[in-house]
Amino acid sequence: MTIVAWPPGSSFRTVDLDGAVHLTDYGAPEASEVVLCLHGLGGSALNFGLLAPLLTGNRRVLVPDLLGHGRSFATSPDESAVDAQLRMLDGLLAGETERPVVLVGHSMGGILAILYALRRPGTVACLVLLDPPVPNVTRWSRDPRLSAKLLLLRMPGVAALVARQVARMTPEQLVARQLAEATPYPERIPVAAVDATVEETRATRGQDGGRAAQRAQFRAILDVIELLARPASWRRQLDGVAAPTLWLHGADDPLADLAAADALAASRPGWAFRTREAVGHLPHLEDPEWTAGAINEWLGELADRH
């Protein structure tokens, strides 16, 4: 399988963790700190092609494809997709307990970062959340569309129907749709990033691994939607995070409730909230310099305190 390297010169390697997992590796192995970037649903390691190099310095930055992006990892019938992803992170971070680990999660990857911080509090030094879904009690729990979507996705045959609809789309159409749903500024996404994602999508189309990854993604969507449908439960999990946390949000993120995000962050000791005007749901692609600057500044402040 051909893997598109973007930006040019970035290194890709495959890690055998219950299956072939695609991993982008930035920075020196001997760096004093590890940064692990987790993409959102529908994304891949390519999503961090601009941001990751800006976070290196004295850090090693690792970006896995959580769903294999065509190279799926094994799951047992009684294991949720989210549990399988958490298990994969255990494998990636094995042996990294001697140096701090910074988890950076975008969108649904932010939820995974929170769940992992709760599961392995001794491993995670701090969290960075990029545009995570914000559960608002009036918006989520009383929204009939969410309940209807959950019921629809659970109906027999719907997963196969969605898979057929996606299969009929060209890679260009699929990537364009994903961008249109994520940001009002698709023209800001570098052409090279779009082209690389299209080519990777084309390379995995129709392969057994690609179909398995799509099924895993569908299961993960259901897992996360059900979690977000219970805002009180989700907020209790946030309260359980002991690691210092930076919450970044694009002001024009179509999924954002900035007031709720700011209030959630302000109510938690050690949390910081920052937002940027004229940025949608992809701050690491639309404005990677701002995103990296905010992260590096905050990590520097944490280091100065200690």
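Here the shortest heavy-atom pairing between Arg60 and Arg99 reads NH1-NH2, 3.9 Å. Residues Pro64 and Met88 share a closest heavy-atom pair of CB-CE, 4.0 Å. Nearest approach of Tyr26 to Gly49, heavy atoms of both residues: OH-CA, 3.7 Å. Across Trp298 and Ala272, no two heavy atoms sit closer than the pair NE1-CB, 4.0 Å. In terms of heavy atoms, Leu285 sits closest to Leu50 at O-CD1, 4.0 Å. Asn58 and Ser32 get closest at one heavy-atom pair: ND2-OG, 2.6 Å.
In terms of the side chain to side chain donor-acceptor pair (under 3.5 Å) criterion, residue partners of Asp239 (sequence neighbours excluded) are, by chain and number, Arg268. Qualifying side chain to side chain donor-acceptor pair (under 3.5 Å) partners for Thr56, counting only residues two or more places apart in sequence or in other chains: none. By the side chain to side chain donor-acceptor pair (under 3.5 Å) test, Thr245 pairs with no residue at all, sequence neighbours left out. Qualifying side chain to side chain donor-acceptor pair (under 3.5 Å) partners for Arg276, counting only residues two or more places apart in sequence or in other chains: Asp287. Residues satisfying the side chain to side chain contact (heavy atoms under 4.5 Å, CB included) test with Ala125, not counting sequence neighbours, are Pro100. Evaluation of the side chain to side chain contact (heavy atoms under 4.5 Å, CB included) rule for Ala294 yields Leu248, Arg274 as partners, not counting sequence neighbours. With sequence neighbours left out, Ala251 forms a side chain to side chain contact (heavy atoms under 4.5 Å, CB included) with Leu258, Thr275, Glu277.
Hydrophobic cluster membership differs between Leu54 and Leu36, with clusters built from Ile, Leu, Val, Met, Phe, Trp and Tyr side chains linked at under 4.5 angstrom. One hydrophobic cluster, built from ILVMFWY side chains closer than 4.5 Å, holds both Leu62 and Leu129. By the rule that hydrophobic residues join a cluster once side-chain heavy atoms approach within less than 4.5 Å of another member, Val279 and Leu51 end up as members of separate clusters.
Under the 4.5 Å side-chain criterion, counting only non-hydrogen atoms from C-beta, Trp247 is not in contact with Leu127.
For residues 184-193, the pairs satisfying side-chain hydrogen bond (donor to acceptor under 3.5 Å, both in side chains) are Tyr185-Asp252, with sequence neighbours left out. Sorted by first and then second residue, the salt bridge (charged side-chain N to carboxylate O under 4.0 Å, His left out) pairs with a member in residues 50-59 read Glu33-Arg59; sequence neighbours excluded.
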Using atom types as modelled, flag every donor-acceptor pair under 3.5 Å from a side chain in residues 106-118 to any protein atom, sequence neighbours excluded.
unit_1 : atom_1 : unit_2 : atom_2 : d
His106 : NE2    : His281 : O      : 2.6
Ser107 : OG     : His281 : NE2    : 2.9
Tyr116 : OH     : Asp90  : OD1    : 2.8

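Distance CG/Asp253 to OG1/Thr183: 8.5 Å, rounded to 0.5 Å.
Between His284 and Phe48, the gap from one ring centroid to the other is short of 6.0 Å.
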